[in-house]
Amino acid sequence: MIDAIFTYEFLQNAFGAGLIIGVIAPLLGVFIVVRRLSLIADALSHVTLAGIAGSLYLSQSVAVLSALNPLFLGIAASVGGSVLIERLRTLYKHYEELAIPIILSAGIGFGAIFISLAQGFSNDLFGYLFGSVSAVSREDLLIVVAIAIVVLAFIVIFFKELFVLSFDDEYAKASGLPAKWIHFMFMIVTALVIAGSMRIVGILLVSSLMTIPVAAAMRVSKSFKQTIALSIIFGEASVIAGLISAFYFDLAPGGTIVVTSILLLLLVLIYKKIAVSVKRGAIA
Amino acid sequence: MDAPLIEIKDISFEYEETKALENISMKVEKGDFLAILGPNGSGKSTLLKIMLGLIKPTKGSIKLFGVDSKNFKHREWIGYVSQKSNSFNSGFPATVEEVVAGGLAKKAGLFRRLPRTVDEDVLEALKSVGMEAFLHRGISELSGGQQQRVFIARALVAKPKMLILDEPTVGIDHQNVQAFYDMLAALNREKNITLVMVTHDVDTVTDRISHVACLNQTIHFHGFKEQFQTLSDEERASWYGHSVRKIHHVGGAH
């Protein structure tokens with residue numbers, strides 16, 4: 001496997017992008033989960049689908065755009081979707097969750113139209129829906145690197161504000177933190193991570209890499225920083241095991257990565273159950 | 001003489017065409033321990049939110065530490081403790097230490113790390129609420145009363161000049177409420193922290209406070225607790241909407 005990675009550029013791209021996503025998706029995912037925004041990640045991934053499908057359609061029908069990387073329009077759609085979700089959440093103050101089905105169905109709706117308009121990119125589309133080991137280009141990898149730099153800088157710079165905002169947003173506002181702006185930037189960064197992760201995990205499964213490792217970490221961690229560290233470890237383990245099995249068994253990496261993360265979650269849940277019973281037994 | 005810490009002038013607030021507050025004027029001076037009393041829906045929490053700058057009044061003005069609230073830059077001087085049940089994200093995977101350190105975020109400033117003294121600051125704040133032994137415990141493992149003490153430590157860690165508390169005893173069992181108010185009174189007395197607190201515990205709190213404001217859309221009474229105690233049951237009932245138990249002191253006030 002190691003030899004193959006050194007030999008083939010597509011494997012270098014896939015593993016490079018996968019390893020980076022294995023860090024940034026669970027890292028941002030911790031904040032998404034504790035802020036109860038998991039479904040927003042799903043809505044944004046479907047909006048990204050519309051952008052990708054639109055780009056694939058445009059590249060077929062407009063000659064100048066034939067070389068355009070679909071990720072760019074995917075990123076634009078995802079960021080636009082995050083802004084729209086925020087607008088809708090303000091508009092429906094008492095029914096904030098309404099923004100999610102509206103944007104999610106809009107994403108699928110536009111996606112379906114573009115897919116039907118353009119014929120013959122079913123292979124590409126399959127890769128975008130469920131991830132692909134072979135389709136990650138050097139340009140895709142560079143985009144993922146750029147997104148990772150933005151995400152890491154954002155988290156490092158605003159870590160303390162994000163922590164306070166996640167724990168208690170009313171307190172964050174009352175203490176004078178620029179909660180609104182930080183939340184807005186957070187949504188944009190989330191959109192970027194979703195668009196960036198999609199090449200490896202696929203649109204339909206991208207939100208799972210942001211939530212399942214976090215769900216496992218939360219069961220065993222004792223502090224917020226430990227939750228972040230464990231989420232990244234679980235995320236990275238899922239990506240590595242998922243990519244290797246996808247390569248050897250010729251499967252969609254989105255599926256293998258997510259199934260690995262589910263297995264890890266199950267192991268953690270079993271471990272926790274045993275640990276609790278042992279502790280109870282010791283006390284009794 | 002120092003400017004009042006809070007100076008409210010002729011404030012009104014309407015929410016979806018319903019009057020929540022009408023022509024409120026009041027001052028909170030340095031060292032006061034003010035309890036804002038009133039029935040449900042009387043606008044108590046709205047008034048606190050206006051004081052904190054979370055919502056803007058429909059009319060009127062508010063000064064904080066002598067400065068118009070719009071231009072007030074030192075939010076870290078005001079610590080806030082909200083109703084636990086409303087605000088705190090239960091099940092959050094964080095330690096008491098991390099939660100309390102979060103109280104330094106505003107004081108440290110954007111683009112800056114927490115101060116090097118963060119460990120000592122957190123421990124000192126926890127000591128002042130008697131929670132230092134819980135430093136490494138998970139916040140969601142604690143009881144309601146313990147959590148509320150941690151939230152006070154979070155407000156205290158930035159060394160505020162004033163604490164604003166919104167029904168801080170909600171979710172705390174009756175036995176611990178007395179000890180909780182004793183702790184607040186000690187903060188007021190020993191650390192000279194001005195306290196503004198919305199509460200329903202009329203009978204429990206009166207021994208510890210210095211001032212009372214009675215609110216029901218407008219201010220019906222604002223003065224020393226001794227004056228408040230001379231009000232008749234009928235007077236209180238007239239603005240409270242129902243009878244309020246008169247407080248009988250044993251051993252006199254503090």
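Residue contact with chain A, scored on non-hydrogen atoms closer than 4.5 Å, involves the side chain of B:L54 exclusively. Heavy atoms closer than 4.5 Å to chain B are found in both the backbone and the side chain of A:S223. B:K49 touches chain A through its side chain: at least one heavy atom from C-beta onward sits under 4.5 Å away, while N, CA, C and O do not. For A:K222, the part lying under 4.5 angstrom from a heavy atom of chain B is the backbone only. When heavy atoms are compared at a cutoff of 4.5 Å, A:F159 does not approach chain B at all. At a 4.5 Å heavy-atom cutoff, the contact between B:V99 and chain A is made by backbone and side-chain atoms alike.
The shortest heavy-atom contact between B:K106 and A:G176 is NZ-O, 3.6 Å. Between B:S82 and A:E170, the shortest heavy-atom contact is CB-OE2, 3.4 Å.
The 12-atom threshold is exceeded at NZ of B:K59, counting heavy atoms of other residues, nucleotides or ligands nearer than 6.0 Å. The 12-atom threshold is exceeded at NZ of B:K107, counting heavy atoms of other residues, nucleotides or ligands nearer than 6.0 Å. The number of heavy-atom neighbours closer than 6.0 Å to CZ of A:R219, taken from other residues, nucleotides and ligands shown, is 12 or below. Within a 6.0 Å sphere centred on NZ of B:K9, other residues, nucleotides and ligands contribute 12 heavy atoms or fewer.
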* **Intermediate values then yes/no, side-chain contact (heavy atoms from CB on, under 4.5 Å), A:D168 and B:F151** => CA-CA 11 Å; A:D168 184 346; B:F151 297 147; 5.8 Å; no
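Using a 4.5 Å heavy-atom cutoff, the side chains of B:E98 and A:F167 are not in contact. Looking only at side-chain heavy atoms (C-beta outward), B:F111 and A:I157 come within less than 4.5 Å of each other.
A distance-only check finds no donor-acceptor pair linking the side chain of A:K160 to the backbone of B:A101 [under 3.5 Å].
Interatomic distance, OG1 of B:T95 versus NZ of A:K225, reported as 8.5 Å (0.5 Å rounding). One finds the CG atom of B:L110 at 13.0 Å from the CH2 atom of A:W181 (value rounded to the nearest 0.5 Å).
The candidate from B:A94, B:A105, B:G102 with the greatest count of non-hydrogen atom pairs under 4.5 Å with chain A is B:A105.
Using a 30° and 60° split on the angle between ring planes, A:Y171 and B:Y80 fall in the parallel class, below 30°.
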